A.B. asks: 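Below are the structure tokens for one structure; questions will follow.
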Amino acid sequence: MGAFFSKQVERRKAIRTQKKLLCDLKDKGSADFPGCDHFVDDRKNWMSTLALDKLHVNQIVWPGTHDSATNKIGIPFISRPFARTQSLSIYKQLVMGTRVLDIRVQKDGRVCHGILVSCNVDVVINDVKKFLSETQSEIIILEIRTEFGHDDPPDFDKYLENQLGEYLIHQDDSVFNKTVAELLPKRVICVWKPRKSPQPKHGSPLWSAGYLKDNWVDTDLPETKFESNMKHLSEQPPVTTRKYFYRVENTVTPQADNPVVCVKPVTNRIRPYSRLFIKECIGRGHGDRLQIYSTDFIDEDFVDACIGLTNARIEG
């Protein structure tokens, strides 16, 4: 028992130390980066406020959400705090400016996270279609995967094609160098990541798993995650030369051996430093690698930072 408490004291000390490291880094100088002061009044249509004929797919800094469809997962006040990473519905996230969704499903087609379940995936798709029907120029990356430890929903690729067919941008490496204007009226890049079913092939309406990559670092230590994200990002080619999307997640994750296992207080250790990460990316020479940038509990400031850097890239 003494060893357990000693370990917990050390963990709390490590967390305090790492939060102070990030705080000190933030206080060292200006938090400015190209486009940091850019403001969009209409986040629902933010892509349409930019020069669509100049905005290439590989120039966009895509604001994304981690575990996007968990706002109503589990049982309120009982299991939900341990798995909910977003407080908004998919539709409200899209209206706020989110353009990359991370959806996990199980065999029966319900959204899940581990053993906890939420709505049927139909709710997600209907929110996406509602948003698309209300906008004209917004491109979405919709990543749907079979959750770890679960089997694939049967014929799920056909389901996605039937539901989103008119909007789907087909799998093609040339998409990365195209402008948004060249892709319209197609507006959804849907990445389907099954566990056992065949991967979508080149030319398919769906995109295979290799087109959306990341390096998941499972830690509740904010500075460890911050620097690990930076290291993995630095190892990627510049966005102008690669033919896949790369995601950085500004999140930390509750650990089973730590008393604090609710998502929000843990992930809040790193959420205030989203703009700092962008500034440091650029300062360390990796600004041309940042592409998909995701978070828990997305807010307007996070979206504005991504839009601002996107606009700065257009303006050179």
Side-chain angles (χ1 to χ4, degrees), residues 1 3-5 7-16 18-19 22 63-93 96 98 100-124 127 143-153 193 195 214-226 228-229 247-274 293-299 302:
M1 183 66 73
F4 172 80
F5 283 114
K7 181 180 178 182
Q8 294 309 315
V9 169
E10 290 302 313
R11 287 291 295 273
R12 300 309 298 168
K13 189 183 296 183
I15 290 166
R16 286 195 302 272
Q18 293 216 356
K19 288 170 72 174
L22 288 179
T65 49
H66 165 238
D67 240 336
S68 307
T70 54
N71 60 307
K72 292 187 177 180
I73 199 164
I75 303 171
F77 307 110
I78 299 176
S79 58
R80 185 170 296 172
F82 304 111
R84 184 169 76 163
T85 62
Q86 306 298 329
S87 56
L88 301 175
S89 69
I90 294 298
Y91 174 74
K92 288 182 178 178
Q93 289 176 43
M96 185 182 284
T98 301
V100 181
L101 300 171
D102 160 22
I103 310 297
R104 293 100 183 276
V105 294
Q106 60 184 26
K107 187 176 181 179
D108 65 0
R110 295 179 74 187
V111 171
C112 64
H113 182 60
I115 62 172
L116 297 180
V117 296
S118 182
C119 60
N120 192 282
V121 73
D122 288 341
V123 174
V124 172
D127 272 6
E143 178 200 38
I144 304 189
R145 72 179 91 172
T146 303
E147 178 69 309
F148 181 78
H150 292 273
D151 292 328
D152 301 323
K193 296 182 174 182
R195 291 257 162 219
D214 54 30
N215 292 95
W216 175 248
V217 180
D218 187 13
T219 181
D220 63 353
L221 298 173
E223 198 257 354
T224 296
K225 184 63 174 284
F226 189 98
S228 296
N229 280 344
R247 173 172 50 207
V248 171
E249 293 190 314
N250 189 58
T251 64
V252 286
T253 311
Q255 301 298 302
D257 63 348
N258 194 294
V260 183
V261 290
C262 294
V263 172
K264 196 158 194 177
V266 173
T267 200
N268 278 349
R269 296 169 189 167
I270 198 170
R271 284 182 68 239
Y273 303 105
S274 57
Y293 194 29
S294 292
T295 186
D296 292 330
F297 303 103
I298 196 163
D299 58 27
F302 186 91

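Source: prediction; values computed, not measured.
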A.B. asks: Rounded to the nearest 0.5 Å, how far does CD of E147 lie from CG of D67?
C.D. replies: 7.0 Å
A.B. asks: Nearest 0.5 Å, please: how far is CG in D122 from CG in D127?
C.D. replies: 11.0 Å
A.B. asks: Can R145 and D102 be counted as an ion pair, charged N to O under 4.0 angstrom?
C.D. replies: yes
A.B. asks: Flag the pair D296 and R271 as a salt bridge only when some basic side-chain nitrogen lies within less than 4.0 angstrom of an acidic carboxylate oxygen.
C.D. replies: no
A.B. asks: Could you tell me which non-hydrogen atom of A83 sits nearest to which non-hydrogen atom of I73, and how far apart they are?
C.D. replies: CB-CG2, 3.8 Å
A.B. asks: Check whether any side-chain heavy atom of I298 lies under 4.5 Å from a side-chain heavy atom of Q86, and answer yes or no.
C.D. replies: yes
A.B. asks: Closer than 3.5 angstrom, by distance alone: can the side chain of R195 be matched with the main-chain N or O of T146 as a donor-acceptor pair?
C.D. replies: yes
A.B. asks: Could you check if a side-chain atom of C112 sits within less than 4.5 angstrom of a side-chain atom of V117, using non-hydrogen atoms only?
C.D. replies: yes
A.B. asks: Do Q93 and T65 have side-chain N/O donor and acceptor atoms under 3.5 Å apart?
C.D. replies: yes
A.B. asks: Determine the minimum heavy-atom distance between V111 and V124, stating which atoms define it.
C.D. replies: CG2-CG2, 4.0 Å
A.B. asks: Identify, with sequence neighbours excluded, every residue that meets side chain to side chain contact (heavy atoms under 4.5 Å, CB included) alongside P272.
C.D. replies: none
A.B. asks: If only atom types and distance count, is the side chain of T267 paired as donor or acceptor with the main-chain N or O of V263 below 3.5 Å?
C.D. replies: no
A.B. asks: Please check if the side chain of R80 supplies one atom and the backbone of K72 the other of a donor-acceptor pair under 3.5 Å.
C.D. replies: yes
A.B. asks: Hey, could you give me the OG/CZ distance between S294 and F302, rounded to the nearest 0.5 Å?
C.D. replies: 6.5 Å
A.B. asks: CG of N250 to OH of Y273: how many Å apart, nearest 0.5 Å?
C.D. replies: 11.0 Å
A.B. asks: Checking E249 side chain against W216 main chain: does a donor-acceptor pair fall under 3.5 Å?
C.D. replies: no
A.B. asks: If the test is side-chain contact (heavy atoms from CB on, under 4.5 Å), which one of I270, L22, I15, V252 qualifies with E223?
C.D. replies: L22
A.B. asks: If I compare all heavy atoms of N120 with all of D108, which pair ends up nearest, and what's the gap?
C.D. replies: ND2-O, 4.1 Å
A.B. asks: Of the options T251, T219, T253, which is the one that meets K225 in a side chain to side chain donor-acceptor pair (under 3.5 Å)?
C.D. replies: T251
A.B. asks: What pairs meet the ring pair (Phe, Tyr, Trp, His ring centres under 6.0 Å) rule with one or both residues in residues 73-93, with sequence neighbours excluded?
C.D. replies: none
A.B. asks: Closest approach of P254 and C262, non-hydrogen atoms and distance?
C.D. replies: CG-O, 3.8 Å
A.B. asks: Keeping T85 on the side-chain end and H66 on the backbone end, is there a donor-acceptor pair under 3.5 Å?
C.D. replies: yes
A.B. asks: When rounded to the nearest 0.5 angstrom, what is the spacing between NE2 in H113 and CZ in R84?
C.D. replies: 13.5 Å
A.B. asks: Within a strict 4.5 Å, meaning less than it, do heavy atoms of the R11 and D220 side chains meet?
C.D. replies: yes
A.B. asks: Which heavy atom in G74 sits nearest to a heavy atom in S79, and how many Å separate them?
C.D. replies: CA-OG, 3.4 Å
A.B. asks: Measure the spacing between OG of S68 and CD1 of I144 and express it to the nearest 0.5 Å.
C.D. replies: 10.0 Å
A.B. asks: Could you give me the CA-CA distance, side-chain angles and deciding distance for N71 and K92, then say whether side-chain contact (heavy atoms from CB on, under 4.5 Å) is met?
C.D. replies: CA-CA 11 Å; N71 60 307; K92 288 182 178 178; over 6 Å; no
A.B. asks: Where do P222 and R269 come nearest, in terms of heavy atoms and distance?
C.D. replies: CB-O, 3.6 Å
